[in-house]
Amino acid sequence: MHLADLQAAVGLRTPIRHQLFIDGQFVDAASGQTLPTLNPHDNSVIAQVAMAGRDDVDRAVAAAQRAFPAWSRRAAADRGRILLRLAELIEMHADELATLESLDTGHPLRDSRHLDVPRTAACFRYFGGMADKFQGETIPVEAGFLNYTLREPLGVVGQVVPWNFPLMFTAWKMAPALAAGNCVVLKPAEITPLSALRIAELMAEAGMPDGVVNVLPGLGGVAGQYIAEHPAIAKVAFTGSTAIGRRIVQASAGNLKKVQLELGGKGANIVFEDADLDAAVNGSAWAIFHNQGQACIAGSRLMLHERIADAFLDRFIPLARSVRLGNPLDASTEMGPLTSAQHRDRVLGYVEEARAQGGEVLSGGRPPVDAALSAGCYIEPTIVHARSERDRIAQEEVFGPFVTVLTFRDDDQALAMANATEYGLGSGLWTARLQRAHRFARELHAGMVWINSYKRVNPGSPFGGTGASGYGREMGFEAMREYTQVKSVWVNVDAQVPPWYAR
Ligand code: NAD
C-alpha cells in the first residue's frame with residue numbers, strides 16, 4: 001500500500017506526513033535524502049520518509065533551545081492542558097492512528113486500536129495531569145534558615161525510540177519530558193517513523209508552541225548517534241538494544257549528559273506446581289506472543305516446575321498453534337508479521353542455533369505455509385525446549401514469537417535460574433502461595449515483577465530495569481524525577497550567623 005492509498009484507507013483529509021518536524025514545520029532533510037518505510041505484511045513501500053542528518057539535528061536543537069525559556073517558565077497547568085488536549089485528539093483519531101501503526105509495524109489492528117492507541121492517550125493524559133502536581137520540598141534544616149528544593153527541567157532532551165511500539169514509546173518518552181518543562185528532539189526508528197510524525201502534527205493542533213517538540217526520522221548511526229553526542233542536549237533517553245545503549249553512554253560523555261536507558265530483557269515467566277494452570281497457560285501465551293514477541297518485557301523464558309511441565313505444554317502448544325496469523329489490518333488477526341525482514345531472519349537464526357545446540361523445537365520455528373503471507377515477515381509461534389539455562393537461546397534476547405522452555409525442581413533452583421542472565425527487566429510468576437510470591441518479588445533481579453499475571457503496564461507505575469536492561473525509570477513520579485534536576489535554595493530568614501571574616 002502506498003501513501004495515497006494509505007491516506008484514503010485511514011480517512012485522512014490532509015496528507016500523511018513524511019518529512020522532518022522541526023520548529024513547528026514539516027521540512028525536507030537538509031541533504032534531501034529519504035528512506036523508504038515498508039509494510040511488513042508484504043514488504044511494499046508505504047512512503048519515502050525524509051532522513052535527518054547532523055545539520056537537521058543542529059536545526060532542531062537550535063529551535064528547541066529557542067523555545068525552552070518560554071516553555072519552561074510557562075505555568076505548569078498550561079503545559080498540562082496542552083497534553084490533555086493532545087490526549088483527546090489522539091482518541092478522536094484513534095482509528096487512523098491505529099491503522100497507521102499497524103501498517104508501519106505489523107501490529108494486529110485489534111492491538112493497535114485497543115492497546116497502543118488508548119495507552120498512548122492515557123500516558124499523555126496522566127502526565128498532563130501530573131504537570132502541576134509534581135513539586136519540590138521544604139527541608140527542616142537548622143534554626144533561622146529556610147531550605148527548599150526546586151524541580152527544574154533539564155533543557156533540551158534527546159529521545160531515541162525503537163520500532164517495536166513506536167506510537168506508545170513516543171508518548172512514554174515525550175509526555176513526562178514536556179510536562180516537566182523540557183523541549184524535545186525525538187528520533188523514531190528508521191523503519192517505523194510514521195506514527196511519531198502524526199503525533200507531532202497533533203501536538204501542533206493541541207497548541208504546542210513551535211520548537212518545543214521536534215521529530216527527526218533518520219538512521220540510528222547518524223542522527224541517533226549525533227543526538228547522543230550533541231553538546232547542547234542535556235539528556236538522552238533511549239529504548240533499544242543493550243549494544244546500542246552502551247554506545248549511547250560513550251557518546252554522551254562529551255558534555256556529561258544525563259542518560260536514561262531501557263534496554264533488552266529475557267523475562268523469566270515462572271509457573272509453579274500449584275499455579276492455576278489455565279490462567280498460567282493463557283497468561284504465558286500473552287507474555288510471549290503479543291506483538292509477535294517484540295517486547296523488551298516479553299516472557300521469553302518459560303520456566304516450568306517439572307511436576308506440571310507436561311500438563312502445561314499439553315495446553316500451551318495447541319494454544320500457540322491456534323493463534324491466527326494474518327494481515328495486521330484484518331480484525332480477526334491475532335499475530336502479525338515481525339516488523340522487518342532483517343529481524344525475521346535474525347529470529348529464524350535462533351531456531352537454527354537452538355537445533356545446533358540440541359534444543360527441541362516443540363512447535364513452529366518457520367514461516368507459515370499460507371501463500372497469502374509468503375511476501376511478509378511472518379513466523380509461526382515458536383516453542384523451543386532448551387537443554388540448559390546457559391544455552392544462547394536461554395540467555396540472549398531473541399525479540400520474536402520464540403519462547404525458550406526450561407524446567408526446575410524447587411524454589412531455590414527456580415530463583416537461581418531466573419536470575420542467571422545479564423538482564424533484569426520484567427519477570428512473572430504463577431503460584432497460589434503468598435509467601436513464595438513475595439519472596440520471589442523481593443529476590444528476582446528485575447525492575448518489574450508480575451504475580452499471577454504478566455506484562456501489565458500503567459502510566460502511574462514505574463517501568464525500567466537493572467543490569468544489562470538499563471537504568472532509570474519511565475512512568476509515574478519516577479519519570480518526572482528523571483526529567484528534572486533538583487536545586488536546593490537556602491534563605492536566611494532570621495539566623496544570626498556571623499560571617500567567617502567578620503571584622
Ligand atoms: P537498536 O538498538 O539498533 O535501535 C533502536 C533505536 O536506536 C532506533 O531508533 C535506532 O535508529 C537507534 N540507534 C541505532 N544505532 C544508534 C546509535 N549508534 N546511536 C543512537 N541511536 C541509535 O535496535 P534494533 O536494531 O532496532 O533491534 C535490535 C535488537 O534490539 C532487537 O532484536 C532487540 O533485542 C533489541 N530491541 C529492544 C527494544 C526494547 O524495547 N528494549 C526495542 C527494540 C529493539
Side-chain angles (χ1 to χ4, degrees), residues 35 37 40 49 51-54 57 104-106 158-170 172-173 185-193 195-196 215-230 233 236-254 257 259-267 290-298 300 338-350 377 379 392-393 395-402 421-426 447-448 455 457 463-472 474:
L35 263 176
T37 186
V49 179
M51 181 166 82
R54 292 168 70 98
V57 174
D104 212 9
T105 64
Q159 304 184 321
V160 179
V161 179
W163 43 261
N164 54 333
F165 292 98
L167 176 63
M168 218 170 70
F169 286 169
T170 294
W172 289 21
K173 292 263 180 289
V185 175
L186 178 138
K187 192 196 84 62
E190 44 272 61
I191 61 172
T192 57
S195 54
V215 177
L216 303 183
L219 295 177
V222 181
Q225 178 80 21
Y226 190 43
I227 286 171
E229 287 167 6
H230 204 288
I233 291 183
V236 60
F238 170 76
T239 299
S241 59
T242 299
I244 300 298
R246 291 197 171 97
R247 290 178 54 178
I248 298 259
V249 173
Q250 285 161 358
S252 71
K257 61 173 64 63
V259 181
Q260 184 176 348
L261 300 172
E262 300 293 345
L263 307 176
K266 192 72 181 174
H290 166 237
N291 199 29
Q292 296 77 259
Q294 299 169 128
C296 45
I297 53 173
S300 52
L338 277 75
T339 300
S340 70
Q342 187 193 15
H343 186 57
R344 179 216 35 217
D345 294 346
R346 181 175 175 273
V347 173
L348 288 173
Y350 276 100
C377 310
I379 299 185
R392 274 186 58 203
I393 56 162
Q395 290 290 326
E396 296 178 13
E397 184 176 46
V398 177
F399 219 63
F402 180 113
T421 76
E422 60 171 344
Y423 294 112
L425 196 55
M448 292 156 286
K455 229 171 160 216
V457 293
F463 184 103
T466 60
S469 296
Y471 44 76
E474 303 198 283

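In listed order, ligands and their atoms are each counted from 1. Just so it is clear, the model here is predicted, and its values are computed rather than measured.
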Notebook entry, point to check: What are the atoms of ligand 1, with element, lying closer than 4.0 Å to any heavy atom of Cys296?
Noted result: 39 (C), 40 (O), 41 (N)

Item checked: Per-atom contacts of ligand 1 with Gly224, taking only distances under 4.0 Å to non-hydrogen atoms -> 19 (N), 20 (C), 21 (N)

Check: Tell me, do Phe169 and Glu262 make a side-chain contact under 4.5 Å, heavy atoms counted?
Finding: no

Item checked: Closest protein heavy atom to atom 34 (O) of ligand 1, given as residue, atom name and distance to 0.1 Å -> Glu397 OE1, 2.6 Å

Check: Would you say atom 19 (N) of ligand 1 touches the protein, meaning some protein heavy atom is under 4.0 Å from it?
Finding: yes

Next item on the list: Just jot down the ligand 1 atoms closer than 4.0 angstrom to any heavy atom of Lys187, in number order.
Entry: 9 (O), 10 (C), 11 (O)

Notebook entry, point to check: Do the side chain of Thr339 and the main chain of Thr105 share a donor and acceptor less than 3.5 angstrom apart?
Noted result: yes

Margin query: For Trp172 and Phe165, I'd like to know if the aromatic rings sit close, meaning centre-to-centre distance below 6.0 Å.
Written below: no

Next item on the list: Answer whether the closest heavy-atom distance between the side chains of Thr37 and Glu190 falls below 4.5 Å.
Entry: no

Next item on the list: With heavy atoms only and a cut-off of under 4.0 Å, state how Ile227 meets ligand 1: side chain, backbone, both or neither.
Entry: neither

Check: Does Pro401 reach the side chain of Leu338, with side-chain heavy atoms less than 4.5 Å apart?
Finding: yes

Checklist line | Atoms in ligand 1 flagged as close to Val161, the criterion being non-hydrogen separation under 4.0 Å | finding: 6 (C), 8 (C), 9 (O)

Item checked: Side-chain heavy-atom pair Arg247, Ile244 within 4.5 angstrom cut-off -> yes

Item checked: For atom 1 (P) of ligand 1, the protein heavy atom that lies nearest, with its residue and separation -> Ser241 OG, 3.6 Å

Check: N/O to N/O below 3.5 Å, does that happen between Val160 and ligand 1?
Finding: no

Next item on the list: Mark the output for His343 as yes if a heavy-atom distance to ligand 1 is under 4.0 Å, and as no if none is.
Entry: yes

Margin query: At less than 4.0 angstrom from any non-hydrogen atom of Gln225, what atoms of ligand 1 do you find?
Written below: 17 (C), 18 (N), 19 (N), 20 (C)

Next item on the list: Considering only NZ, NE, NH1 and NH2 on the basic side and carboxylate oxygens on the acidic side, decide whether Glu474 and Lys173 come within less than 4.0 Å.
Entry: yes

Item checked: Closest protein heavy atom to atom 3 (O) of ligand 1, given as residue, atom name and distance to 0.1 Å -> Ile244 CG1, 3.5 Å

Check: When you measure from atom 32 (O) of ligand 1 to every protein heavy atom, which one gives the shortest distance, and what is it?
Finding: Arg346 NH1, 2.8 Å

Next item on the list: Identify the protein heavy atom lying closest to atom 17 (C) of ligand 1, giving its residue, its atom name and the separation to 0.1 Å.
Entry: Gly220 O, 3.3 Å

Notebook entry, point to check: Any idea which protein heavy atom is nearest atom 7 (O) of ligand 1, and the distance to it?
Noted result: Phe238 CE1, 3.1 Å

Notebook entry, point to check: Taking atom CH2 of Trp163 and atom CZ of Phe399, what is their separation to the nearest 0.5 Å?
Noted result: 5.0 Å

Notebook entry, point to check: Which residue and non-hydrogen atom of the protein lie closest to atom 11 (O) of ligand 1, and at what distance in Å?
Noted result: Glu190 OE1, 2.4 Å

Note to self: Quick check: do Cys296 and Glu397 have side-chain heavy atoms less than 4.5 Å from each other?
What the structure shows: yes

Checklist line | Side chain proximity check, Tyr423 to Leu263, heavy atoms < 4.5 angstrom | finding: no

Next item on the list: Answer yes if the side chains of Ser195 and Asp104 hold a donor-acceptor pair under 3.5 Å, and no otherwise.
Entry: no

Checklist line | Interfacing atoms of ligand 1 (cut-off 4.0 Å, heavy-atom, Thr239) | finding: 5 (C), 39 (C), 40 (O)

Notebook entry, point to check: So which heavy atom in the protein is nearest atom 25 (O) of ligand 1, and how far is it from that ligand atom?
Noted result: Trp163 NE1, 4.4 Å

Margin query: Please report the interatomic distance OG1(Thr466) to CD(Glu422), rounded to the nearest 0.5 Å.
Written below: 11.0 Å

Margin query: Which of the numbered atoms in ligand 1 are under 4.0 angstrom from any heavy atom belonging to Pro162?
Written below: 42 (C), 43 (C)

